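Only one structure is covered here, and it is reproduced in the block below.
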Amino acid sequence: MDLFITSFTIFVLAIFVGFEVINKVPPLLHTPLMSGSNAISGITVVGAMISVATPNTFTTILGFIAVVLAMINVVGGFVVTHRMLGMFKRKG
Amino acid sequence: MDLFITSFTIFVLAIFVGFEVINKVPPLLHTPLMSGSNAISGITVVGAMISVATPNTFTTILGFIAVVLAMINVVGGFVVTHRMLGMFKRKG
Amino acid sequence: MQSALINIAYLIASVLFIVGLIKLAHPRTAVQGNLLGAIGMLIAIVATLLDRGIIAAGANGYLVIFAGLLVGSIIGTLMAVKVQMTAMPQMVALLNGFGGGASILVAGAALVDAKDPNLQLTVATVASGIIGAVTFWGSLVAFAKLQDIISDRFGRFSGQQFFNAAMLLSSFGLGAWIVADPTVTYAYWLLVVAASVLGVFIVTPIGGADMPVAIALLNSYSGLAGAATGFVLNNNGLIITGSLVGASGIILSQIMCKAMNRSLANVLFGGMGTLPTGGPTADQVYGGKVKSATAEEIVMLFENARRVVIVPGYGMAVSQAQHAVRDLTTILEDRGIEVEFAIHPVAGRMPGHMNVLLAEADIEYDKMKELDEINPTFEQTDVAVVIGANDVVNPVARTDPSSPIAGMPILNVDKARTVVVIKRSLSPGFAGIPNPLFAADNTLMFFADGKKAILDLIGALKAA
Amino acid sequence: MQSALINIAYLIASVLFIVGLIKLAHPRTAVQGNLLGAIGMLIAIVATLLDRGIIAAGANGYLVIFAGLLVGSIIGTLMAVKVQMTAMPQMVALLNGFGGGASILVAGAALVDAKDPNLQLTVATVASGIIGAVTFWGSLVAFAKLQDIISDRFGRFSGQQFFNAAMLLSSFGLGAWIVADPTVTYAYWLLVVAASVLGVFIVTPIGGADMPVAIALLNSYSGLAGAATGFVLNNNGLIITGSLVGASGIILSQIMCKAMNRSLANVLFGGMGTLPTGGPTADQVYGGKVKSATAEEIVMLFENARRVVIVPGYGMAVSQAQHAVRDLTTILEDRGIEVEFAIHPVAGRMPGHMNVLLAEADIEYDKMKELDEINPTFEQTDVAVVIGANDVVNPVARTDPSSPIAGMPILNVDKARTVVVIKRSLSPGFAGIPNPLFAADNTLMFFADGKKAILDLIGALKAA
Ligand SMILES: NC(=O)c1ccc[n+]([C@@H]2O[C@H](COP(=O)([O-])OP(=O)(O)OC[C@H]3O[C@@H](n4cnc5c(N)ncnc54)[C@H](OP(=O)(O)O)[C@@H]3O)[C@@H](O)[C@H]2O)c1
Ligand SMILES: NC(=O)c1ccc[n+]([C@@H]2O[C@H](COP(=O)([O-])OP(=O)(O)OC[C@H]3O[C@@H](n4cnc5c(N)ncnc54)[C@H](OP(=O)(O)O)[C@@H]3O)[C@@H](O)[C@H]2O)c1
């Protein structure tokens with residue numbers, strides 16, 4: 001229970017950080033913000049890797065599919081964001 | 001060790017929250033900000049209360065003094081901030 | 001000690017994500033911010049390779065993991081490199097869905113694998129399963145709608161909201177069962193099915209143009225699903241990152257709703273997307289009052305202009321006119337005309353959509369002005385060129401409190417000396433209402449496909 | 001379960017603190033924000049009463065705790081109600097010191113009491129002890145200096161920085177000993193003594209006017225000491241709150257340093273506060289060029305003015321002139337003159353100092369303008385009235401790159417049609433340099449104590 005409350009505390013603080021930080025992103029960059037934040041939500045890949053390593057074949061297969069899905073999310077998100085941001089140029 | 005890292009994570013997140021939140025306070029309110037944030041730093045009173053409740057008389061005395069000091073900080077801070085903020089008025 | 005190292009790595013990764021998001025707030029540091037995020041992810045992945053369980057699984061385990069990482073990376077890279085800038089909303093929806101899908105599977109595997117599941121694990125697993133499945137299927141439906149794979153009519157039926165409520169309650173019921181008896185793992189897959197059905201039919205009735213709000217919200221859900229998975233695995237890295245993404249999606253959907261002057265509930269369940277009733281008809285608004293112009297006539301306007309403001313909208317994205325617009329801008333600027341862009345927060349079909357398209361065409365971002373900044377300047381503007389925008393320049397929002405877009409802040413192009421509107425017809429935009437701007441005294445319509453129209457203008461300018 | 005409840009209460013308290021700080025950012029919600037913080041504190045204290053150890057200590061324990069809470073509350077309330085607004089810097093310093101003192105004692109008690117102290121406990125205890133003692137004594141010295149209990153010359157000697165470094169190293173050495181052998185609890189008290197000496201002699205050399213930066217920094221330290229105590233007790237509430245306060249103090253000291261165009265290191269260890277060398281002397285600057293005026297002459301200026309800007313500085317605080325200034329403002333406004341206040345970020349001796357004093361005198365906060373907002377308006381200002389400000393209106397900052405205040409952003413009062421400067425003499429302000437503004441063509445000096453000068457002006461206005 002104490003462990004849960006600690007994790008929940010982290011959750012609450014991270015939400016505050018998220019709100020404060022995201023609110024400062026200007027409309028100009030909202031599309032890259034969407035794809036970029038999308039990319040980091042692929043952090044689930046880390047959990048998926050652990051699922052792969054279970055002795056149970058069924059969960060290994062689930063884990064493998066999850067690694068693939070999450071990794072598409074991660075790599076696709078970062079690369080497309082990079083592509084978009086590379087286009088934003090300043091005068092001169 | 002894991003417990004420490006979790007606590008440290010909370011520390012880091014809270015610092016981010018602090019920086020983001022405090023940076024938005026306008027100069028107009030910097031003095032109340034100083035006294036108000038001062039007041040909440042008196043949260044040490046909570047630790048002091050626990051020290052009072054130890055069986056050891058020496059630590060009970062330390063705890064008592066700490067409760068008094070922290071409570072001056074808390075109550076003095078909130079009351080003086082309230083007094084100051086009560087002065088700020090808008091036209092009309 | 002090992003697990004401590006891994007947790008430190010997750011903390012570093014989380015800090016890099018946060019700093020990355022902070023840097024994403026300025027165009028000059030945004031590229032760096034995105035890179036920091038990618039580095040954080042790399043650190044998290046490499047650290048996880050040291051996990052006790054993964055090391056125990058030995059070479060085979062590593063093989064499967066690397067295979068998965070590789071396959072995912074290749075597919076992700078291909079998608080990201082191939083996608084057209086105009087298809088960004090779909091792309092985000094799809095990636096989003098994959099993240100949600102991964103959460104379903106990871107939580108399911110953890111439940112199957114758990115020796116002695118406690119309350120936190122089961123509750124969090126249930127949450128991951130429900131949110132993940134709604135995200136996955138909701139995002140796929142959003143993708144299919146935006147790609148015109150399925151029509152706006154698909155998957156709508158009367159009583160849909162009751163059906164969806166029933167699905168949600170079933171998921172909760174199955175979830176309660178799992179919490180009560182964590183050994184019935186098949187209940188988890190039933191729960192995923194129920195939540196998947198919910199995910200599909202909660203998104204099908206949302207109008208095509210409301211889809212971006214749904215996508216931002218699904219983005220938020222994918223974050224929350226990740227955070228829930230973090231509670232399943234007791235992994236702070238997942239919890240922090242999931243919360244960040246959860247906050248990001250909610251803020252973006254709020255911004256969109258505010259810019260459309262509608263509530264989130266109205267977007268998700270409300271009746272917009274069907275034709276509005278009441279209000280003046282198109283005939284009443286346009287009858288005999290619309291003036292159309294040729295490219296040559298518009299070029300004459302340019303010749304006497306000192307300041308031109310270009311207002312892009314959804315039609316610029318559809319006709320892929322952004323490069324032609326850039327060429328037009330260069331020509332006008334070469335003739336000493338000041339050119340700026342007025343970007344409405346919900347122009348197009350995604351927040352920041354127009355900015356990305358214009359940036360793609362090498363237009364400097366300091367020329368793209370936000371609503372508050374550009375509106376006071378229309379009175380000093382000689383020609384406002386509206387390309388495929390409609391609702392975001394509809395003055396009815398200011399004048400008619402009964403209109404469906406009443407109160408939505410709009411770009412006051414009607415204050416410019418002359419307004420040129422480029423679109424194919426008089427048909428309405430997303431809100432489905434006529435636009436009196438098209439019939440205004442100082443408005444000239446140029447009926448054509450957006451890209452073709454701009455190319456015509458360029459041709460006429462060069463000939464003149 | 002009990003400890004879970006307490007931890008939930010701490011989480012709720014932390015959230016209330018954060019929301020309170022967010023609300024403190026707007027004058028309209030600030031009072032509410034402060035109340036939320038107080039409620040959070042109440043929740044934390046009440047929840048702690050349920051602590052297993054405290055319950056075990058029985059009625060006696062509760063008695064001692066309540067006695068402590070009561071005594072502290074009474075003293076705190078008395079101090080807060082009695083303090084003059086002009087003495088706010090001292091008050092903050094004193095409260096701050098008490099918080100640091102509490103951290104020393106709590107960490108010490110935890111060390112004495114620990115059955116099996118682990119690494120985290122000992123390291124955090126050492127940190128609490130060092131930071132707490134520096135905060136406690138540093139704050140007391142700051143208080144004593146600001147109250148003129150000890151002079152600016154007190155506790156300065158050559159080689160002081162080496163002495164301080166030695167004290168810091170001793171504290172670290174004693175700390176290492178404690179970490180190695182946590183049973184030698186007397187080493188902790190030695191450590192506190194060494195850090196206390198450090199705290200005293202690190203603050204004594206700081207110039208009186210630099211004290212606010214030191215206080216903000218000590219405020220930050222008191223937060224860090226609290227966070228360290230949180231690590232000692234594994235208490236997330238303390239960790240979160242301590243970090244918030246730590247961040248707050250650092251940001252405020254940064255803001256002050258930036259507004260003075262100096263580095264933090266320069267403020268803490270640098271030589272300012274002694275007279276600057278080089279630069280023109282007072283005679284060169286002022287010789288024969290200073291014009292002084294009577295109250296009646298200044299009133300004639302007011303009679304032809306449409307806009308007056310009042311620039312308060314440290315001298316307004318010293319002479320307690322704020323209420324007289326309010327009366328003057330009312331009279332001028334009754335005559336149809338527009339009056340605004342120009343507040344420099346480091347005017348006075350504390351950030352926001354002038355705002356609090358003016359607010360105390362019932363001047364609406366929407367009339368108090370920040371530097372960026374007011375500077376462009378001086379050219380349309382008929383009379384700028386400078387009351388006891390000096391450095392913050394010294395144009396040398398703009399013109400002479402070798403001046404000690406070079407590059408500090410200043411209020412451009414010299415751009416006003418006429419400048420009236422109220423101070424007692426031509427003596428310099430905190431930076432110790434002459435001010436060419438006093439010798440400018442459009443400047444009139446009114447030599448008097450700030451409050452008396454304003455009362456004279458009011459008298460003359462009524463007579464006119
Ligand atoms: N950006 C977001 O995040 C977001 C999110 C949700 C909803 N929305 C909604 O989407 C709408 C956006 O406003 P908007 O002004 O950009 O678009 P709009 O009001 O939907 O109008 C787009 C116009 O573009 C024209 N068009 C379509 N294809 C074209 C082509 N190939 N060439 C030239 N013109 C073409 C259409 O007229 P013709 O058919 O006559 O050519 C149509 O009237 C708003 O109602 C907003 O609330 C936006
Ligand atoms: N606000 C902060 O947070 C902060 C923090 C650290 C340092 N500082 C420093 O403090 C300075 C603040 O600038 P400032 O312009 O407000 O003050 P200042 O430059 O220190 O000048 C104050 C002036 O007030 C006059 N004065 C003193 N007592 C007076 C009285 N009773 N009646 C009338 N005049 C009186 C003095 O001249 P006479 O003796 O001739 O009367 C003096 O020249 C800056 O240099 C700043 O860097 C401020």
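Protein chains get the first letters and strands the later ones, always in sequence-line order, with residue 1 at the start of each. Since this is a predicted model, take the numbers as computed values, not measurements.
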Legend entry - Side chain proximity check, B:F88 to D:V356, heavy atoms < 4.5 angstrom: yes
Inset, instruction - Give a yes or no on whether the backbone of D:V92 and the side-chain of B:N38 come within a donor-acceptor separation of less than 3.5 Å. - result: yes
Inset, instruction - Check the pair B:L29 / D:N355 against side-chain contact (heavy atoms from CB on, under 4.5 Å), numbers first and verdict last. - result: CA-CA 8 Å; B:L29 293 170; D:N355 302 96; over 6 Å; no
Inset, instruction - Tell me, out of B:N56, B:T6, B:N23, who's got the most heavy-atom pairs with chain D below 4.5 Å. - result: B:N23
Legend entry - Pairs of heavy atoms under 4.5 Å with chain B: top-ranked of D:A57, D:G61, D:A102, D:S14: D:A102
Inset, instruction - Find the distance between CD1 (D:I251) and CD1 (B:I22) and round it off to the nearest 0.5 Å. - result: 6.0 Å
Inset, instruction - Report the option among D:L49, D:D362, D:L238 that has the most heavy-atom pairs separated by less than 4.5 Å from atoms of chain B. - result: D:L238
Legend entry - chain D contact via B:I43 - which portion, at a heavy-atom distance below 4.5 Å: both
Legend entry - Beyond-backbone contact of D:I250 with B:F19, side-chain heavy atoms, under 4.5 angstrom: yes
Legend entry - Part of B:A39 within contact of chain D (heavy atom distance under 4.5 Å): backbone
Legend entry - Trace of the side-chain contact (heavy atoms from CB on, under 4.5 Å) decision for B:L33 with D:L21: CA-CA 8 Å; B:L33 170 66; D:L21 286 176; 4.1 Å; yes
Legend entry - Separation of B:T54 OG1 from D:D113 CG (nearest 0.5 Å): 4.5 Å
Inset, instruction - Quick one: pull up CZ in D:R28 and CG in B:L85 and give me the separation to the nearest 0.5 Å. - result: 14.5 Å
Legend entry - Main-chain N/O of D:M85 paired to B:R83 side chain as donor or acceptor, under 3.5 Å: no
Inset, instruction - May I ask you to test the B:I72-D:M79 pair for a side-chain heavy-atom distance under 4.5 Å? - result: yes
Inset, instruction - Give a yes or no on whether D:Y221 atom OH has more than 12 heavy-atom contacts from other residues, nucleotides or ligands under 6.0 Å away. - result: no
Inset, instruction - Determine whether B:S41 and D:T241 make a side-chain contact, defined as any pair of heavy atoms from C-beta on separated by less than 4.5 Å. - result: no
Inset, instruction - Look at the side chain of D:N236 and the backbone N and O of B:S7, then say whether any donor-acceptor pair between them is shorter than 3.5 Å. - result: no
Inset, instruction - Taking the side chain as every heavy atom from C-beta outward, state whether D:I343 and B:P27 have any pair of such atoms under 4.5 Å apart. - result: no
Legend entry - Proximity breakdown for B:F8 and chain D, heavy-atom pairs closer than 4.5 Å: both
Inset, instruction - Identify the heavy atoms of B:G76 and D:A80 that sit nearest to each other, and give their distance. - result: O-CB, 3.5 Å
Legend entry - Close side-chain approach of B:I10 to D:I240, heavy-atom, < 4.5 Å: yes
Inset, instruction - Between chain B and each of D:I55, D:L252, D:L119, D:L358, count heavy-atom pairs under 4.5 Å; write down the option with the most. - result: D:L252
Inset, instruction - Against chain D, label B:V46 side chain, backbone, both or neither, depending on which of its atoms sit under 4.5 Å from a heavy atom there. - result: both
Legend entry - Min side-chain heavy-atom separation B:M34-D:I215 under 4.5 Å: yes
Inset, instruction - Could you tell me which of D:V232, D:N60, D:N234 has the largest number of non-hydrogen atom pairs under 4.5 Å with chain B? - result: D:N234
Legend entry - Choice from D:A38, D:G33, D:G99 maximising heavy atom contacts with chain B below 4.5 Å: D:A38
Inset, instruction - Identify which of D:L35, D:V112, D:L70, D:L233 forms the greatest number of heavy-atom pairs closer than 4.5 Å to chain B. - result: D:V112
Legend entry - D:S243 to B:F11 - nearest heavy-atom pair and separation: OG-CD1, 3.2 Å
Inset, instruction - With side-chain contact (heavy atoms from CB on, under 4.5 Å) as the test, would you mind laying out the steps for B:L28 and D:M368 before giving the verdict? - result: CA-CA 8 Å; B:L28 173 70; D:M368 310 174 195; 3.7 Å; yes
Inset, instruction - Name the option with the most non-hydrogen atom pairs under 4.5 Å to chain D; the candidates are B:T31, B:L13, B:V67. - result: B:T31
Legend entry - Winner by heavy-atom pair count (cut-off under 4.5 Å) against chain D, out of B:V79, B:L62, B:I61: B:L62
Legend entry - Residue pair B:N73 / D:N96, side-chain heavy-atom distance below 4.5 Å: no
Inset, instruction - Against chain D, work out which of B:V75, B:T59, B:I50, B:L69 has the most heavy-atom pairs shorter than 4.5 Å and name it. - result: B:L69
Legend entry - Interchain contact, B:V45 with chain D, by part (heavy-atom threshold 4.5 Å): side chain
Legend entry - Value rounded to 0.5 Å, distance of OG in B:S35 from CE in D:M88: 6.5 Å
Inset, instruction - Report the distance from atom CD1 of B:I40 to atom CG of D:L244, rounding to the nearest 0.5 Å. - result: 5.5 Å
Inset, instruction - Kindly compute the distance separating CE (B:M49) from CD1 (D:I45), expressed to the nearest 0.5 Å. - result: 6.5 Å
